[in-house]
Novice: 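Pasting in a structure now, in structure tokens, and then I'll have a few things to ask.
As the structure is a computational prediction, the values presented were derived from the model and not from experiment.
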Amino acid sequence: MEQLEQLAEQVGMLMNSEVELQAGECLIKRKRTINISSHSKNFSCTLDHDISFKNLKDNGKAMNRAEIFLLPSELASFMNALHWHPIPLPTNYQQRMDVNPDIICVYLASEEAPEDFAGRLSAAFNAVEQNTLV
């Protein structure tokens, strides 16, 4: 259990997020505020992203999952950062998307070291934030 706690703390620092351990699963509590413009109306909302890892193995790998909400204008930056990250995507990486005109939900899953998954995901969030500042 100590290894899981240390890894959870490391992942929390990488993601700049709070973490919570529940029955062998690490939940990363990442929030992000976005502004949505739709039909001449503007909405500001804070989203909770579902990010977790569980089933930590002796080799340091775990089952990682994330459900991330993005604006359509953020999708390209986010995906490019994921795919061009220095740590390559594992062969068992899975991704799917639900697309709406105003928001996109990206579902990610992989079995790899949680710190690799978190580092790649953090870089993707940073890319989105950098493009928002431009």
Novice: Extract all donor-acceptor atom pairs below 3.5 Å that involve side chains of residues 90-97 and protein atoms in other chains or at least two apart in sequence.
Specialist:
| unit_1 | atom_1 | unit_2 | atom_2 | d |
| --- | --- | --- | --- | --- |
| Asn92 | OD1 | Glu111 | N | 3.3 |
| Asn92 | ND2 | Glu111 | O | 3.2 |
| Tyr93 | OH | Gln95 | OE1 | 2.6 |

Novice: Does a sphere of radius 6.0 Å around CD in Glu9 hold more than 12 heavy atoms from other residues, nucleotides or ligands, not counting ones at 6.0 Å or beyond?
Specialist: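 Not buried by this count: 12 neighbours or fewer within 6.0 Å.
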
Novice: If you round to the nearest 0.5 Å, how far is CE of Met63 from NZ of Lys57?
Specialist: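 Taking NZ in Lys57 and CE in Met63, the distance rounds to 9.5 Å.
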
Novice: Rounded to the nearest 0.5 Å, how far apart are CE of Met79 and CD1 of Ile104?
Specialist: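 Answer for the CE-CD1 pair, Met79 versus Ile104, is 10.0 Å.
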
Novice: Can you list the steps and then say if Leu75 with Val99 is a side-chain contact (heavy atoms from CB on, under 4.5 Å)?
Specialist: CA-CA 11 Å; Leu75 182 63; Val99 180; over 6 Å; no

Novice: Could you tell me which non-hydrogen atom of Ala81 sits nearest to which non-hydrogen atom of Ala124, and how far apart they are?
Specialist: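 Here Ala81 and Ala124 meet closest at CB-CA, 3.5 Å.
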
Novice: Return the SG to CD1 distance between Cys45 and Ile34, rounded to the nearest 0.5 Å.
Specialist: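 Taking SG in Cys45 and CD1 in Ile34, the distance rounds to 4.5 Å.
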
Novice: Find out whether His49 and Lys31 are in side-chain contact, i.e. whether some heavy atom of one side chain is under 4.5 Å from a heavy atom of the other.
Specialist: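 No, side chains not in contact.
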
Novice: Taking all atoms of both residues into account, what is the closest heavy-atom pair of Ala66 and Leu121, and its distance?
Specialist: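 Heavy atoms only, the tightest pair is CB-CD2, 4.0 Å.
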
Novice: Would you name the heavy atoms of Ser122 and Met15 that are closest together and state the gap between them?
Specialist: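 For Ser122 versus Met15, the nearest heavy atoms are N-SD, 4.0 Å.
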
Novice: Using every non-hydrogen atom in the two residues, find where His85 and Gly119 come nearest and quote the distance to one decimal.
Specialist: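 Reported closest heavy-atom pair: NE2-O, 3.6 Å.
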
Novice: Please test Glu115 against Leu7 for side-chain contact (heavy atoms from CB on, under 4.5 Å), starting from the C-alpha separation and ending with a verdict.
Specialist: CA-CA 8 Å; Glu115 60 270 31; Leu7 187 56; 3.0 Å; yes

Novice: Could you report the tightest heavy-atom contact between Pro114 and Ala62, atom names first, then the distance?
Specialist: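 Heavy atoms of Pro114 and Ala62 come nearest at CG-CB, 3.7 Å.
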
Novice: Measuring from atom CG of Asp50 to atom CZ of Arg30, what distance do you get when rounded to the nearest 0.5 angstrom?
Specialist: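 Atom-to-atom, Asp50:CG and Arg30:CZ are 13.5 Å apart.
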
Novice: Side chains of Cys105 and Glu67: closer than 4.5 Å at any heavy-atom pair?
Specialist: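 Yes, side chains in contact.
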
Novice: Within the 4.5 Å heavy-atom criterion, are Arg32 and Leu70 side-chain neighbours or not?
Specialist: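 Yes - at least one pair of side-chain heavy atoms lies under 4.5 Å apart.
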
Novice: Could you tell me if the side chain of Arg120 sits less than 4.5 Å from the side chain of Glu112, heavy atoms only?
Specialist: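 In short, these two side chains touch, coming nearer than 4.5 Å.
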
Novice: Nearest 0.5 Å please: distance from the OG atom of Ser110 over to the CG atom of Asn64.
Specialist: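 That separation rounds to 4.5 Å.
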
Novice: Starting from the C-alpha separation in whole Å, work towards a yes-or-no answer on side-chain contact (heavy atoms from CB on, under 4.5 Å) for Phe117 and Leu108.
Specialist: CA-CA 10 Å; Phe117 185 79; Leu108 309 169; 4.2 Å; yes

Novice: Is it possible for you to say whether Leu14 and Leu89 belong to one hydrophobic cluster, with membership spreading through side-chain heavy-atom contacts below 4.5 Å?
Specialist: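 Result: no, two separate clusters.
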
Novice: Are Ile103 and Asp98 side-chain neighbours, meaning at least one heavy-atom pair lies under 4.5 Å?
Specialist: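 Heavy-atom side-chain distance check fails, nothing below 4.5 Å.
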
Novice: Only counting residues at least two apart or in another chain, list the ones meeting side chain to side chain donor-acceptor pair (under 3.5 Å) with Asn126.
Specialist: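 If we apply the side chain to side chain donor-acceptor pair (under 3.5 Å) test to Asn126, skipping adjacent residues, there are no hits.
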
Novice: Output the distance between atom CZ (Phe69) and atom CG (Leu71), rounded to the nearest 0.5 Å.
Specialist: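 If I round to the nearest 0.5 Å, the distance is 12.0 Å.
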
Novice: Within 45° of the six-membered ring axis of Tyr107 and under 6.0 Å from that ring's centre, is NZ or CZ of Arg65 located there?
Specialist: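 Because its charged atom misses either the 6.0 Å distance or the 45° angle limit, Arg65 does not stack over Tyr107.
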
Novice: Does the side chain to side chain donor-acceptor pair (under 3.5 Å) test come out yes or no for Gln3 and Glu5, once each step is laid out?
Specialist: CA-CA 5 Å; Gln3 179 189 11; Glu5 290 170 357; over 6 Å; no

Novice: Run through Leu27, Val19, Ile28, Val11 and flag the one making a side chain to side chain contact (heavy atoms under 4.5 Å, CB included) with Ile51.
Specialist: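 Of the listed residues Leu27, Val19, Ile28, Val11, the side chain to side chain contact (heavy atoms under 4.5 Å, CB included) partner of Ile51 is Ile28.
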
